[in-house]
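Below is one structure, written out as C-alpha cells, with a few remarks after it.
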Amino acid sequence: SLKPGGYASTFLGGLGDIGSGKWRPAFSSSVSFALDIFHGDYRGYVAINGLLFFLIVFLALRLSSTPQNRGLVQQIIVTFALVSCPFVWYSTWSPFGLMELGALASLLASLLLFRSGLDESIASRHWWSASLVMLATTFHERYLIAVIPMALVVAVSGGTRKLVRRLLP
C-alpha cells in the first residue's frame with residue numbers, strides 16, 4: 001500500500017527505487033509528492049487523479065478535432081468513450097492512477113505537440129513531443145514501445161540535422 005514511510009516515500013527515494021523490479025521514477029516521485037501533501041489520505045489521490053482525468057479528456061478532445069473539422073459530434077463521442085472506459089474509473093479511484101493517468105496524459109500531450117509540429121512545420125515541437133514520450137516511459141514501462149517510432153519520426157523530420165549543426169562547430 002502507499003503510505004508514509006512505505007514505497008517511494010521520499011522524492012529522492014522514488015528516483016532510485018526500482019520497487020518490484022520496475023523503475024518508474026516519475027510515478028514514484030509523484031507518489032512521494034502526494035504522500036507529503038495529503039499524508040496518505042485517499043481523497044488526495046482521487047483529487048489528483050480526477051484532475052489528470054480532466055486533462056486527458058481535454059487532450060483527447062483537442063486530438064479529436066482538427067483545424068479543418070471541429071465536429072461537435074466527434075468530440076461528444078470521444079468524451080463518452082473516455083468517461084465510460086473502466087480503465088479510467090479504476091485509475092481515478094486508485095492510488096496507482098497516478099502511474100496510469102500520468103503516463104497517458106504525457107503520451108496524449110506528446111501526440112498533440114507532434115501533430116501541431118506537423119501542421120506548422122516546427123521541428124522543435126517534435127523534440128518536445130519525444131521528451132514527453134520519454135516522460136511517459138518513466139511513469140510506466142509499457143510506453144517504451146512508443147520510443148522507437150518517435151525517435152524515427154524525429155530523425156526523419158529534419159530536427160536531427162539542425163541539432164547536429166548546433167552541437168558541432
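On a predicted model such as this, the values are computed, not experimentally measured, just so you know.
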Check whether any side-chain heavy atom of [X] sits under 4.5 Å from a side-chain heavy atom of [Y], and report yes or no.
X	Y	answer
Tyr143	Ser106	no
Phe96	Tyr90	yes
Leu98	Tyr45	yes
Leu132	Leu107	no

### Message
Counting only heavy atoms from other residues, nucleotides and ligands, does the tally under 6.0 Å from CD1 of Ile145 exceed 12?
### Response
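For Ile145, atom CD1 is not crowded (no more than 12 foreign heavy atoms under 6.0 Å).
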### Message
Assigning hydrophobic clusters by single linkage (Ile, Leu, Val, Met, Phe, Trp, Tyr; side-chain heavy-atom cutoff under 4.5 Å), is Phe54 placed with Met99?
### Response
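No, it is not one cluster - the side chains of Phe54 and Met99 are not joined through contacts under 4.5 Å.
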### Query
Does Leu55 belong to the same Ile/Leu/Val/Met/Phe/Trp/Tyr cluster as Ile37, with side-chain heavy atoms less than 4.5 Å apart forming each link?
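Yes, one cluster joins them.
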### Query
Between Leu101 and Phe139, is a side chain to side chain contact (heavy atoms under 4.5 Å, CB included) present by the stated rule, with each step listed?
CA-CA 9 Å; Leu101 297 175; Phe139 272 102; over 6 Å; no
### Query
Distance from Leu63 atom CG to Phe58 atom CZ, nearest 0.5 Å?
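If I round to the nearest 0.5 Å, the distance is 10.0 Å.
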### Task
Mind checking the CG-CG spacing from Leu61 to Leu112? Nearest 0.5 Å is all I need.
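So the CG of Leu61 and the CG of Leu112 are separated by 11.0 Å.
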Heavy atoms only: give me the nearest [X]-[Y] pair and the separation to one decimal.
X	Y	result
Thr137	Met134	OG1-O, 2.5 Å
Leu82	Phe53	O-CE1, 4.1 Å
Ser91	Asn49	O-ND2, 3.1 Å

### Query
So, the side chain of Ser110 versus the backbone of Ser129: is there a donor-acceptor pair under 3.5 Å, distance only?
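Present.
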